Asks: 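First, the structure itself, so that you have it in front of you.
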Amino acid sequence: MISHHLPESMMMAYAAGTASEEEALFIACHLTLCPHCRDRLAGLEAIGGALLDASPAPDDGVEDLLAGLLDRLDEPAPVVEPPVVDPDGVLPAPLAARVGPFSRLSFTPVYPGVGRHLVAGVASEGMPMRLFRLKPGSTVPEHTHVGRELTLVLTGGFTDAFGHFTRGDVEVRHDESHSLQIDPGEPCIVLSVADEPLVPRSLRAHLAQLFRTL
Amino acid sequence: MLGSVMTIDGQNRARAGWLVAIADGDKRAFAELFRDLAPRLRGFFRRAGHTEDADELVQETMLRVWRSAARYDPSRASVASWVFTIARNLRIDRARRKRVQVVAEDPARVPDPDRAPDEVAAAKQRAHAMQTAVEHLPEGQARVVRAVYFEHKTLKVVADELDIPLGTVKSRVRLALKALRQHVEPEEAS
C-alpha cells in the first residue's frame, strides 16, 4: 500500500505537459505503481478539458479546415513501436525503456553497501538521474540533499526520520539531511533525481555545508 | 443556470457517441465532432501562443482523434479531457521533448481497483459540474491556471510576468485546484 505520493506541483506540471523529461520519467514510474495518483492525474486532465471547453471558439473558415483534413483521413497511420517493458515487472516500463530489464541491471559500488547505476540519456537539462542499490539491513549514514531530491522506492524499503518507504513510495527532500535504515530481506533499489544541475550544485553544496558548520 | 449540468452531460454524450461511430470509420460523425471541437482547439492553441500554426495544430490534433477514437474510454474521462491530452501530447512532440507515459500493458503496472457503478456515475457528475466551476474561478486564479495549462509556463515565469511573489502564485494555484478538485475527486490526496 503506497502511502507517500507525488507533490501537487509536479502532478500539475505533468498534466499540463510542462514537466521536464527527467521529472516526467520519475512521475510516470510512480503513476505505474500508484492507481491513486493516476486518479489524481485524471482529475487534473479533466481541468484541462474544462479549460478547453471554456476557450474562445473562433469558427471562421472551419469548413475549409475540415475539407482539408477529410482528404488525409485515409492516409496510413504511422507505425507505433511496441513499448519496452521489463518482463519481470520490477522496473516500470518508462524506466525499463532507458536501462533495460531489471535482471541485467548492474551497479557500481560507490560506498560500502551502496551501488549506483546512472540512468543515461536523461540528463538533457543537467539533472542527474540515478538508481541506487542499498544493502538490506544496513544503515546509510547521515547525508544532506542540497536543493530538491526525489526518491522512488522500486524494491525493498527503508526508514528515515520522515517515515517508512516501500515499493511505489515517493520521498521529497529539500535541503535536509537524513540517515536511512534499510529494511532487512531484499536489497532496496531506489530511483533518485536531483532538482538542480550537478556541477554548480557541488560548489553550492560546499558553501551550504560551510554555512551549516559556521 | 439550472440544468447546466445536464447540458454539459448531454454535450459529452453526443461527443462520445460520435467517437464510437468514428472508431467504425464514420467520416460524417468525424465532421460533426470536428465542427464542435476545432474552434475550441483553435482558441486553445492561439492562447498558447501558436498564432501562425494554430490551424495546422488543430488539424493534426483531430487527425490523431480520428486514428485513436477506438481507444477512448468513457468511464475514464470526458471527451474534452481526452482531447485535451491529445493536444497536450502534440505540443510536447512539437517541442521535441520526449513524452513519458504509463504503459497500459506494463507487467509492473498496479491495476486500478474495481469501482462500483455508482462511484463511476458520481465521478462523472463531478466532472460535468467542473466546467461550470472553471468558468467561475476568480480572475486571479483563472489567470494562473490558464498560464500553466495553456501557455505552458512554470509558476516562476508566471510570477515574474504578473510581477507578484511566487508564493502568491502558488497559493492561487492551490486555491483554484481546491475549488476544481472537489468536482473530480472524492477525497484529497494525503
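From a predicted model like this one, the values you see are computed outputs, not experimental measurements. Residue numbers start from 1 in every chain, and the chains themselves are labelled A, B, ... in the order their sequence lines are given, proteins ahead of strands.
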Asks: Given 3.5 Å as the limit, does a donor-acceptor pair link the side chain of B:Arg99 with the main chain of A:Gly17, or not?
Replies: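 Pair absent, no side-chain N/O of B:Arg99 close to backbone of A:Gly17.
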Asks: Is chain A contacted by the side chain of B:Glu60, its backbone, both, or neither, given a heavy-atom distance below 4.5 Å?
Replies: side chain
Asks: What part of A:Pro7 is in contact with chain B, defined as an atom under 4.5 angstrom from a non-hydrogen atom: side chain, backbone, both or neither?
Replies: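 Interface part for A:Pro7: neither.
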Asks: Does some side-chain heavy atom of B:Lys27 sit less than 4.5 Å from a side-chain heavy atom of A:Asp74?
Replies: yes
Asks: Would you name the heavy atoms of A:Leu69 and B:Phe30 that are closest together and state the gap between them?
Replies: CD2-CZ, 3.7 Å
Asks: More than 12 heavy atoms of other residues, nucleotides or ligands under 6.0 Å from CD of B:Glu139: yes or no?
Replies: yes
Asks: Contact part of B:Val173 toward chain A, heavy-atom cut-off under 4.5 Å: side chain, backbone, both or neither?
Replies: side chain
Asks: Give the member of A:Leu31, A:Asp86, A:Leu73, A:Val85 that has the highest number of heavy-atom pairs under 4.5 Å with chain B.
Replies: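 Most pairs with chain B among the choices: A:Leu73.
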Asks: For B:Ala77, which atoms come within 4.5 Å of any heavy atom of chain A: side chain, backbone, both, or neither?
Replies: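 No part of B:Ala77 comes within 4.5 Å of chain A.
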Asks: If you count heavy-atom pairs under 4.5 Å with chain A, which of B:Leu37, B:Val103, B:Asp55 comes out on top?
Replies: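 Result: the option with the highest number of such pairs is B:Asp55.
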Asks: Using a 4.5 angstrom heavy-atom cutoff, name the option from A:Ala28, A:Gly48, A:Ala24 with the most pairs to chain B.
Replies: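 Most heavy-atom pairs within the cutoff with chain B belong to A:Gly48.
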Asks: Could you measure the distance from the CG atom of A:Leu44 to the OG1 atom of B:Thr85? Nearest 0.5 Å is fine.
Replies: 13.0 Å
Asks: Nearest 0.5 angstrom please: B:Arg76 CZ to A:Glu45 CD, how far?
Replies: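 With rounding to 0.5 Å, CZ (B:Arg76) is 9.5 Å from CD (A:Glu45).
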Asks: B:Met62 versus A:Leu65: any side-chain heavy-atom pair under 4.5 Å?
Replies: no
Asks: Mind checking whether A:Ile47 and B:Leu177 have side chains closer than 4.5 Å, heavy atoms only?
Replies: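 A:Ile47 vs B:Leu177: side chains touch.
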Asks: Between B:Pro113, B:Pro111, B:Ala38, B:Ala142, which has the largest tally of heavy atom pairs under 4.5 Å with chain A?
Replies: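 Among B:Pro113, B:Pro111, B:Ala38, B:Ala142, the one with the most close pairs to chain A is B:Pro111.
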Asks: For A:Glu75, look at atom CD and say whether over 12 heavy atoms of other residues, nucleotides or ligands are found less than 6.0 Å away.
Replies: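 Counting other residues, nucleotides and ligands, CD of A:Glu75 exceeds 12 neighbours.
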Asks: Under the salt bridge (charged side-chain N to carboxylate O under 4.0 Å, His left out) rule, collect the residues that match up with B:Lys98, sequence neighbours excluded.
Replies: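 B:Lys98: no salt bridge (charged side-chain N to carboxylate O under 4.0 Å, His left out) contacts found.
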Asks: Could you go step by step and tell me if A:Arg98 and B:Val100 meet the side-chain contact (heavy atoms from CB on, under 4.5 Å) rule?
Replies: CA-CA 11 Å; A:Arg98 313 298 170 110; B:Val100 193; 3.7 Å; yes
Asks: Counting heavy-atom pairs closer than 4.5 Å to chain B, which one of A:Ala19, A:Pro56, A:Pro94, A:Gly168 comes out on top?
Replies: A:Pro56
Asks: Taking B:Arg42 for the side chain and A:Asp60 for the main chain, is one N or O donor matched with an acceptor at less than 3.5 Å?
Replies: yes
Asks: Let's test your reading of the structure: which of B:Arg174, B:Arg64, B:Glu105, B:Gln59 forms the most heavy-atom pairs below 4.5 Å with chain A?
Replies: B:Gln59
Asks: Indicate the atoms forming the closest heavy-atom contact of B:Pro107 with A:Pro87, along with that distance.
Replies: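 Heavy atoms only, the tightest pair is CG-O, 4.4 Å.
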Asks: In terms of heavy-atom pairs under 4.5 Å, which option from A:Ile2, A:Leu6, A:Leu33 contacts chain B the most?
Replies: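 When all of A:Ile2, A:Leu6, A:Leu33 are compared, A:Leu33 has the most.
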Asks: Name the region of A:Ala77, side chain, backbone, both or neither, that has any atom closer than 4.5 Å to a heavy atom of chain B.
Replies: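 Both parts, heavy atoms under 4.5 Å.
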Asks: Ignoring hydrogens, what is the shortest heavy-atom contact between B:Ser81 and A:Ala46? Give both atom names and the distance.
Replies: OG-CA, 3.2 Å
Asks: What are the two closest heavy atoms between A:Leu91 and B:Asp106, and how far apart are they?
Replies: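 In this case the closest contact between A:Leu91 and B:Asp106 is O-OD1, 4.3 Å.
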Asks: Ignoring hydrogens, what is the shortest heavy-atom contact between B:Phe34 and A:Val62? Give both atom names and the distance.
Replies: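 Smallest heavy-atom distance, with atoms named: CE2-O, 3.6 Å.
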Asks: Atom CZ in B:Arg28, atom CG in A:Leu70: separation rounded to 0.5 Å?
Replies: 12.5 Å
Asks: Tell me, do A:Arg167 and B:Val110 make a side-chain contact under 4.5 Å, heavy atoms counted?
Replies: no
Asks: Hey, what do you get for CZ (B:Arg47) to CG (A:Leu51), rounding to the nearest 0.5 Å?
Replies: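 Reported to 0.5 Å precision, the distance equals 8.0 Å.
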Asks: Is the backbone of A:Ala15 close enough, under 3.5 Å, to the side chain of B:Arg88 for a donor and an acceptor to pair up by distance?
Replies: yes
Asks: Against chain A, label B:Ile92 side chain, backbone, both or neither, depending on which of its atoms sit under 4.5 Å from a heavy atom there.
Replies: side chain
Asks: Of all heavy-atom pairs between B:Arg15 and A:Asp53, which one has the smallest distance, and what is that distance?
Replies: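 In terms of heavy atoms, the two residues are closest at NH2-OD1, 2.9 Å.
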Asks: Would you indicate whether the side-chain heavy atoms of A:Pro58 and B:Arg46 approach each other to under 4.5 Å?
Replies: yes
Asks: Roughly how far, to the nearest 0.5 Å, is the CG atom of A:Leu52 from the CZ atom of B:Phe84?
Replies: 8.0 Å
Asks: What's the separation between atom NZ in B:Lys170 and atom OG in A:Ser9, rounded to the nearest 0.5 Å?
Replies: 6.5 Å
